[in-house]
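Here is the structure we will look at, set down as structure tokens.
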Amino acid sequence: MALLPAALERLLHELTRLPGIGRRGAERIALHLLEAPPEQAGQLAEALAALRREVRPCGLCGNWAEGERCAICADPRRATGQLCVVERAVDIWAFEAAEAYQGRYHVLGGTLSPLAGVTADDLRITELEDRLGPEGISEVILATNASVDGDATAHYLSQRLSERGLRTTRIAQGVPLGGHLDYADPGTLRLALQGRRPLG
Ligand SMILES: [Zn+2]
């Protein structure tokens, strides 16, 4: 006979598939849910279901949104002629927390990565180019991570966009080398944005 009830083992299995949660962490969460008032587990289950039911990528920038457009794209005051290109939506949240930028964003969905087989066609680059004219974009700020792939992607985009006569800038490297934007503190992010320089 199995040591643990099947439903408990199933939850532990699902939890350990999540990033940053090992077996011990999963056991603590499961135990907490067993000991907490029963409605807490129900509320968690409903929140998970609502997440996938109601949240989808913004049709314009790729940020997570509740409708067709995210709150940033839906705000006409954010139409500043600038686009800040990031790898993932979590990077937008970091910039927004730093309150350093008034324009709109564009989520690439990753970086070019020859080793992992990620090519330009796998990223949301065509979608980026489709926005330039209609939104009157005059500057694209390349805010990919300060990693080898992030830098290579920024240079690729800079070249591709400069062929269209567009100004590209790269955020300064106040961000730790190899570091991820979403781990940078707001002050560092603000300085990195202010210290951006032309690229290409
Ligand atoms: Zn959006």
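Both ligands and their constituent atoms are indexed starting at 1 by order of listing. Because the structure is predicted, anything quoted here is derived from the model rather than measured.
In terms of the side-chain contact (heavy atoms from CB on, under 4.5 Å) criterion, residue partners of Ala30 (sequence neighbours excluded) are, by chain and number, Leu8, Leu11, Leu12. Residues forming a side-chain contact (heavy atoms from CB on, under 4.5 Å) with Arg53 (at least two apart in sequence, or on another chain): Glu46, Ala49, Ala50. For Arg24, there are no salt bridge (Lys or Arg N to Asp or Glu O under 4.0 Å) partners, not counting sequence neighbours.
Protein N/O/S atoms closer than 2.8 Å to the Zn ion (ligand 1): Cys58 SG, Cys61 SG, Cys70 SG, Cys73 SG.
A distance of 7.5 Å separates CZ in Arg131 from CZ in Arg124, rounded to the nearest 0.5 Å. The line from OG1 of Thr168 to CZ of Arg197 is 10.5 Å long, rounded to the nearest 0.5 Å.
Checking side-chain atoms of Arg196 against main-chain N and O of Arg170 turns up no donor-acceptor pair under 3.5 Å.
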